[in-house]
Structure formats: C-alpha cells, structure tokens
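Structure, as structure tokens:
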Number of protein chains: 2
Amino acid sequence: MSDTRGRRQETGNGAPKPPMREAIVEAAFELFLSRGFEQTTIDDIVTLAGVGRRSFFRYFPAKETVVFPDHERCLADMTRLLGIDPDEGAPVDRVCDAARLVLRMYAENPDFSVRRYRLTKQVPGLRAHELSVVWRYERMLAEYLRARFANRPDGALRADVVAAAVVAAHNNALRSWLRSGATVDATAAMDEALAFVRESFGCAEAPDDVVVVVSRRGVPMWRVVQEIESATAAGSGSPPEGN
Amino acid sequence: MSDTRGRRQETGNGAPKPPMREAIVEAAFELFLSRGFEQTTIDDIVTLAGVGRRSFFRYFPAKETVVFPDHERCLADMTRLLGIDPDEGAPVDRVCDAARLVLRMYAENPDFSVRRYRLTKQVPGLRAHELSVVWRYERMLAEYLRARFANRPDGALRADVVAAAVVAAHNNALRSWLRSGATVDATAAMDEALAFVRESFGCAEAPDDVVVVVSRRGVPMWRVVQEIESATAAGSGSPPEGN
DNA sequence: GGCATGGATGGCACTCAGTACCCCCGATTA
DNA sequence: TAATCGGGGGTACTGAGTGCCATCCATGCC
C-alpha cells in the first residue's frame with residue numbers, strides 16, 4: 001500500500017521536497033475538481049495518493065490547507081523581504097514590493113493557480129480559508145507600516161488603510177489575471193493597480209516637474225510642509241526624521 | 001440581544017414563548033468566556049440553555065456563528081441603505097455612511113461587543129469566521145462602488161481599493177474603541193478615520209476655503225512656506241518640535 | 001368536540017474531520 | 001547485536017454538522 005510511485009508529478013522546479021506531500025496535493029486537486037470539495041473525503045484523497053490517512057494530517061493541519069500548500073513559504077519570504085534594511089526606501093514602495101512577491105508566487109505556477117482559483121471561487125469553505133491567509137499577509141504589511149509610521153500622527157490608521165489598499169489592489173490585479181486564464185501578463189495590471197494606490201496616498205512621483213498642493217485653511221503648517229516634502233522627495237514618502 | 005435577562009430556561013419544555021435564540025447566545029457566551037471556545041461543546045451549550053441539540057443548528061449553522069448573531073440583520077440593513085437612491089450623493093460618502101451603520105450596531109450593545117472582541121481576539125477559529133463576515137460587508141461596498149464607478153477608467157480597481165480602505169478605517173476605529181472597553185465615544189475616531197480615507201481618495205470637502213499652491217521642483221522649502229503663510233494668513237497650529 | 005394542518009422542537013443515528021496513542025519498519029550508530 | 005530514532009501506518013475516539021422522524025402545540029375547519 002504505501003508504495004510509492006504512481007503519481008509523482010513535478011510542478012515546475014525539481015525541488016528536493018518530500019514526494020508524499022506533492023502526491024497528496026495532486027490527488028486532492030484531482031478529486032476536488034472532478035467531484036467537488038465537500039464531496040471528497042480525506043479517505044478518498046489518501047486512497048488515491050496511496051498514503052496513509054494519518055500522513056495527510058502530518059503534512060496539512062486541515063482539509064482546506066491542502067489547497068494552499070505554498071503560502072507558508074511565501075509568508076516566510078515576505079517576512080524576510082521586509083526584514084532587510086527595514087528603514088530603507090519609501091514605506092509604501094516597500095509594501096508594494098512585498099505584494100509583488102505574492103503575485104510572483106502565483107505566476108510561478110499559472111495553471112495550478114488557475115485551478116485553485118476556480119475552486120476557491122465556488123467553495124465557501126475555501127474562500128473563508130483564503131481570507132485568513134490573505135489576512136496574515138495584510139497584517140504583516142500593516143505591522144511593517146506601523147513601525148515606519150510610528151512617529152506620524154495617526155500612523156497606525158494610515159498603516160492599516162494603506163496595507164488594506166495594497167492588498168485590495170493586489171487582489172484586483174491577481175483576479176483579473178486569473179480570470180483571463182493566466183494568459184496575459186500579470187505584472188502590468190499589478191503595476192497599474194499599485195500605482196493607483198501610491199498616488200492615492202501621495203507617494204507617486206509627479207509626471208512633470210510641478211507639484212500641486214491643495215490644503216484647507218486651518219491645517220497646521222507642519223502638516224502642509226510634511227505633505228510637500230513627501231511629494232517633492234521624488235516619491236519617497238518618509239516623514240521628517242527626529243520627531 | 002446582549003441584555004442579560006432570562007438566562008437559563010427550564011430544562012423541561014415549559015417555556016412560555018421564550019426567545020430561544022437569545023437563550024442559546026447567552027449560554028454560549030457564558031461558557032465560551034469561562035472555559036474557552038474549543039473547550040465548550042454544543043452539548044454544553046444546549047444543556048445550559050435548556051434546549052435540544054438539534055435546535056442549536058436550526059438557529060445557527062455552525063458553532064462560530066453564535067458569536068456573530070446580529071450580522072445577518074446588519075448586512076440586510078446595509079443592503080437596504082445602499083439601495084435607497086443609489087445614485088444620490090458622493091459614492092465615497094455613501095459607503096462611509098454604510099460603514100457607520102456597522103459601527104452603530106456594535107455601539108448599540110457595548111458590553112456584548114467588548115466580550116465578543118476579547119473572544120475573537122484569542123480564538124483563531126472565531127477570527128477566521130469574523131474575516132468572512134467582514135468580507136461580505138466589503139464585497140457589498142465594492143459592488144456598490146463598482147456600479148457608481150462604472151464609467152470611470154479603472155472603476156473596478158478604484159471600487160475595490162476604496163472599499164478595502166473604508167473597511168480598514170472602520171476596523172481601526174472600531175478596534176481602538178473596543179480596546180478602550182467601549183468607554184470613549186466611538187464616532188469620533190470613526191469620523192477621523194473616514195476623513196483620512198476620503199481625503200486620500202480626493203473626496204474631502206473644503207469647497208470654499210481652499211488654497212492652491214503651485215511650485216516648481218527645486219524651489220527652496222522656505223520660499224514655499226513663505227507663500228503658503230501669506231496665503232493662509234489666518235493660520236494654523238505650531239509645528240511639532242523645533243526640528 | 002373532533003379532526004386536519006403546519007410550524008416549532010426534541011431525539012436518534014449517521015458521516016466525517018481532526019486527534020491521541022501506539023505499532024511497524026528501516027537506517028544509523030554505539 | 002542492541003539501542004535509538006524518525007518517517008509512516010493503524011485504530012479508536014471526540015465532536016461538529018446533517019437527515020429523518022416523532023412529538024407537541026396552536027390554529028382553523030367541519
């Protein structure tokens with residue numbers, strides 16, 4: 001029974017990973033797509049994969065997690081990326097780069113991503129699980145921004161809102177790419193979506209050498225100067241130091 | 001809903017016409033808070049509430065849903081609110097009002113909301129379920145905005161990002177209110193958070209007392225400040241520190 | 001009063017996800 | 001060869017969620 005073999009399928013790069021994990025994922029997707037998620041039991045999966053039932057839960061803590069096998073690694077990658085020189089670069093640019101990391105992970109396995117998309121779109125339980133995965137990315141971006149915005153007034157608010165906007169922009173670009181069947185270029189829509197976010201929060205570089213500031217009367221002068229500095233610093237929105 | 005009255009019903013079916021739903025919620029919270037969510041079984045809840053096990057699942061489709069008993073009604077309220085004269089008012093203002101509706105629901109039962117907050121904060125399963133609830137609000141706001149932005153270029157992107165930003169601002173204000181133990185005023189932080197979102201997406205008011213400054217890049221900052229000061233002569237607070 | 005009907009509830013049995021505990025087997029090492 | 005260790009398997013158990021049916025009760029009709 002435990003005979004190996006059978007279905008050993010490489011999903012792109014020849015990784016020195018345990019083959020059993022891949023076998024479980026392959027079998028699960030085959031069954032989920034053919035007969036549905038709820039209609040597939042763990043026993044069905046392990047029977048098709050040729051492994052023991054107990055082994056399934058050794059690799060995946062829950063039935064839903066088998067659909068998102070690579071997010072833990074991506075989360076770790078993002079942690080590492082944001083941990084490199086955390087105070088360098090404009091904060092919003094840093095989280096945009098972090099979001100691009102996620103898109104890249106999807107783009108590495110286009111057909112796997114498209115199959116998963118079709119699945120999560122129509123299975124509420126998988127959608128819910130995807131939400132909690134996305135939430136972890138968003139929290140990580142927000143935590144990073146909170147540290148960067150610590151000396152700003154309402155820094156936490158700004159951090160939460162910007163993180164949510166970046167994630168929403170990423171999701172918008174990702175979904176349109178997935179809906180196209182992963183045929184077009186993913187990064188183009190992503191760049192456009194992130195550009196919208198950056199210009200919304202005053203982090204975009206101006207197209208020409210003119211900057212326009214609109215302010216209400218009564219706004220404290222230091223806020224005005226802050227906005228001007230962030231707008232004229234060639235896209236770097238970092239707050240003034242030493243405050 | 002959160003009023004503590006009529007706690008456990010008699011085990012026998014001699015209840016006059018009791019709100020069984022309320023009894024289940026009350027019993028569930030009592031047990032969840034005292035011994036924990038995972039440590040409480042459905043049997044514990046229905047025994048304390050004095051109802052049959054089958055009745056629990058008649059009112060709540062899953063164990064987690066008993067913690068969010070009023071969101072279905074609030075979702076319906078929001079649907080109705082956005083459906084009234086959908087094309088009236090500024091789109092962002094409309095979704096901000098919709099978000100205020102949710103905050104108001106929380107504020108109607110402060111101690112219930114605080115108890116729930118302490119629960120969801122430390123139970124991953126409840127956090128995941130809350131995410132799917134919030135997602136439904138966000139989708140509703142996004143769908144509304146997509147309709148309003150249908151003729152704009154990138155209307156769908158703008159709709160998704162603005163909806164996410166509004167939800168994030170709402171959550172930020174809501175959480176700081178809940179963290180305070182519901183002692184302060186909830187609407188003040190909410191208004192400030194939503195104001196930030198509105199000004200980020202170019203929807204801030206200030207139709208009359210507005211000053212516009214146009215400057216070429218490279219102009220020294222002191223010149224810009226000089227111009228602004230002369231234009232805003234009424235002006236302003238003081239900069240943060242002597243920096 | 002007797003009876004039919006429909007909604008609300010309780011009881012029971014079942015499936016399946018997830019877990020605890022223990023066993024097996026092969027490889028490495030003292 | 002014995003001891004150990006680690007990956008995998010098997011079994012039984014708990015508990016969530018569902019389907020089916022019996023029961024109770026209120027209402028309405030004859």
Side-chain angles (χ1 to χ4, degrees), chain A residues 1-8 15-29 31-32 35-69 119 123-130 132, chain B residues 6 8-29 31-32 35-69 72 119 123-129 132:
Chain A
M1 22 232 86
S2 68
D3 229 346
T4 101
R5 39 314 253 157
R7 43 192 63 264
R8 162 100 183 254
K17 304 218 171 195
M20 183 172 297
R21 202 183 139 91
E22 312 302 324
I24 292 172
V25 172
E26 275 300 315
F29 266 82
L31 292 170
F32 289 166
R35 77 174 74 160
F37 181 79
E38 280 94 355
Q39 284 68 41
T40 302
T41 71
I42 305 288
D43 287 302
D44 296 334
I45 299 170
V46 296
T47 302
L48 180 60
V51 301
R53 169 182 158 82
R54 195 64 188 75
S55 293
F56 181 94
F57 292 103
R58 249 188 281 272
Y59 286 98
F60 303 99
K63 189 183 176 187
E64 293 84 18
T65 56
V66 76
V67 182
F68 307 93
L119 218 50
V123 179
L126 290 178
R127 192 167 16 83
H129 190 266
E130 188 184 39
S132 63
Chain B
R8 76 204 63 172
Q9 310 294 23
E10 285 302 301
T11 307
N13 34 10
K17 196 65 170 180
M20 180 173 300
R21 208 183 132 91
E22 314 303 323
I24 293 173
V25 173
E26 276 299 316
F29 266 82
L31 292 170
F32 290 166
R35 77 174 74 160
F37 180 79
E38 280 94 355
Q39 285 67 40
T40 302
T41 70
I42 305 289
D43 287 302
D44 296 333
I45 299 171
V46 297
T47 301
L48 180 59
V51 301
R53 171 184 157 82
R54 200 62 185 78
S55 292
F56 180 94
F57 291 104
R58 249 187 279 273
Y59 285 98
F60 304 99
K63 189 183 177 187
E64 293 84 18
T65 57
V66 77
V67 182
F68 308 92
E72 288 300 326
L119 216 50
V123 179
L126 289 178
R127 192 167 18 83
H129 190 266
S132 64

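What you see is a predicted model; the values in this text were computed from it and never measured. Note: hydrogens, waters and symmetry copies are ignored here, and every other heavy atom, side chains too, is used. Naming convention: chains lettered A, B, ... in sequence-line order (proteins, then strands); numbering from 1 in each chain.
The distance from atom CG of B:D44 to atom C1' of D:dT14 is 12 Å, rounded to the nearest whole Å. What separates CZ of A:F56 from P of C:dT19 is a distance of 11 Å, to the nearest Å. With rounding to whole Å, A:D43 atom CG is found 13 Å from D:dG9 atom C1'. If you take CZ of B:F37 and P of D:dA16, they are 8 Å apart, rounded to a whole angstrom. In this structure, the CD atom of B:Q39 is 13 Å from the C1' atom of D:dT14, given to the nearest Å. Taking atom CD1 of residue B:I24 and atom C1' of nucleotide C:dT9, one finds them 11 Å apart after rounding to whole Å.
Counting atom types as modelled, A:R54 pairs no side-chain N or O with a base atom of D:dG7 as donor and acceptor under 3.5 Å. Within 3.5 Å, a donor on the side chain of B:R58 pairs with an acceptor on the base of C:dG10, or the reverse. A donor-acceptor contact under 3.5 Å links the side chain of B:R53 to the base of D:dG17.
Going from atom CZ of B:F37 over to atom CG of B:L31 covers 11.5 Å, rounded to the nearest 0.5 Å. Atom-to-atom distance recorded for A:Y59:OH and A:E22:CD is 10.0 Å, nearest 0.5 angstrom. Rounded to the nearest 0.5 Å, atoms CD1 (B:I24) and CZ (B:F56) are 6.5 Å apart.
Between A:D44 and A:R35, some side-chain heavy-atom pair lies under the 4.5 Å cut-off.
Regarding contacts with the backbone of C:dG10, a side-chain N or O of B:S55 is found under 4.0 angstrom from either OP1 or OP2. Between C:dA8 and B:Y59, no contact under 4.0 Å exists linking OP1 or OP2 to a side-chain N or O.
Among the nucleotides D:dG9, C:dG10, C:dG18, the one closest to any side-chain atom of B:M20 is C:dG10.
Contacts of A:T40 with the nucleic acid, taken as non-hydrogen atoms under 4.0 Å apart, involve only primed sugar atoms and P, OP1 or OP2.
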